[in-house]
Protein chains: 2
Amino acid sequence: MVDLKTQPVVGDEAVQPCCPPLTERPLSREESERTAKMFRALGDPVRLRLFSRIASFAGGEACVCDISDVGVSQPTVSHHLKKLKEAGLLTSERRGTWVYYRVEPSVLSTMGQLLVGQR
Amino acid sequence: MVDLKTQPVVGDEAVQPCCPPLTERPLSREESERTAKMFRALGDPVRLRLFSRIASFAGGEACVCDISDVGVSQPTVSHHLKKLKEAGLLTSERRGTWVYYRVEPSVLSTMGQLLVGQR
DNA sequence: CGTCCATATTGACACACATCAAAGCGATTC
DNA sequence: GAATCGCTTTGATGTGTGTCAATATGGACG
């Protein structure tokens, strides 16, 4: 049911231990570019709802059809899912007719540490 | 002078616990609107650098002059600081000739909990 | 008062982006 | 193969936003 064989990286390029907490030292330009992309991806209400629906779905993944009733057209849903994927927040896999999205495992804790430091 | 548009988006824990972790349950439309505003504020590289510089500055606050060499013009810096303030992430205070910005205390942990749950 | 300094606001402009209808594509079923 | 379903891509459009130059504001100091 839940297949955890995939352990992809975050974003289109490989990501090292990302960044220290925002309170530790000023971000460099490159760090800020990379990090801003993730925050911006969650900076749209529709994307945030889609992300939250996937993250809280039973099994940790959701078919597009499970989450697409958020008040915008289906192409728009697809557009937002693509953006979340490009930001490295989601991964997707086609299984038969359906496409399943799941939250990239490392993302939540990485962004969390950026905000609050060591857990 | 009290500018209502600069009041924090996140409420105090007792008053209004903002939102549960994104993984707990799907966000409502209102919750997503409110929360997306904060993420969007950090979704620009320049703003993220400014925020990080303030957050990591000695004393927990910084004068605009301390942080404004981020590669854009002075009006643009001012514009970004205003946006961060409107999102509830920063507060500002004028002292003599200078204006000091500091991170709104509750913000980091609130956004952190949104991502990683209870600490 | 006048000048200088630090920051904010205004106005203009180019570009990014959210959105939808329509068309395309992959997989299943008949 | 044809029809259908689930989803993505394309193209068009209106709105949002990052940026700067110019200007305004507000305090400090002669």
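Source: prediction; values computed, not measured. So you know, we letter chains A, B, ... as the sequences are listed, proteins then strands, and number each from 1.
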Under a plain distance cut-off of 3.5 Å, with no hydrogens placed, do A:S73 and A:T76 share a side-chain donor-acceptor pair? yes
What is the distance from [atom1] of [X] to [atom2] of [N], rounded to the nearest Å?
| X | N | atom1 | atom2 | value |
| --- | --- | --- | --- | --- |
| A:F39 | D:dT17 | CZ | C1' | 20 Å |
| A:L84 | C:dC17 | CG | C1' | 14 Å |
| B:D44 | C:dC15 | CG | P | 17 Å |
| A:E86 | C:dA18 | CD | C1' | 14 Å |
| B:R40 | C:dA16 | CZ | C1' | 14 Å |
| A:K83 | D:dT8 | NZ | P | 16 Å |

Once you round to the nearest 0.5 Å, how far does CG of A:L89 lie from CZ of A:R102? 15.0 Å
Shared ILVMFWY cluster between A:V103 and B:F39, side chains joined below 4.5 angstrom?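 Yes: a chain of side-chain contacts under 4.5 Å links A:V103 to B:F39.
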Same cluster or not: are B:L115 and A:F57 linked, directly or through other Ile, Leu, Val, Met, Phe, Trp or Tyr residues, by side-chain heavy atoms under 4.5 angstrom apart? no
Are OP1 or OP2 of D:dT17 and a side-chain N or O of B:H80 less than 4.0 angstrom apart? no
Please step through salt bridge (charged side-chain N to carboxylate O under 4.0 Å, His left out) for the pair B:R49 and B:D44, ending with a clear verdict. CA-CA 9 Å; B:R49 290 187 74 194; B:D44 177 273; over 6 Å; no
Do B:S56 and A:E24 come within less than 4.5 Å of each other through their side chains, counting heavy atoms only? no
If you draw the axis of the six-membered ring of A:Y100, does the NZ or CZ of A:R95 fall within 45° of it and under 6.0 Å from the ring centre?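 Here A:R95 passes the 6.0 Å and 45° test against A:Y100.
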Contact letters for nucleotides 2-14 of chain C, in which S counts primed atoms plus P, OP1 and OP2 and B counts the base, heavy atoms under 4.0 Å: ----SBBB-----
Please determine whether side-chain hydrogen bond (donor to acceptor under 3.5 Å, both in side chains) holds for the pair A:T91 and A:K85, giving the CA-CA distance in whole Å, both sets of side-chain angles, and the decisive distance to 0.1 Å. CA-CA 6 Å; A:T91 59; A:K85 215 173 137 184; over 6 Å; no
Members of residues 47-59 of chain B that approach DNA chain D, where some heavy atom sits under 4.0 Å away: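 Under 4.0 Å from DNA chain D: B:R47.
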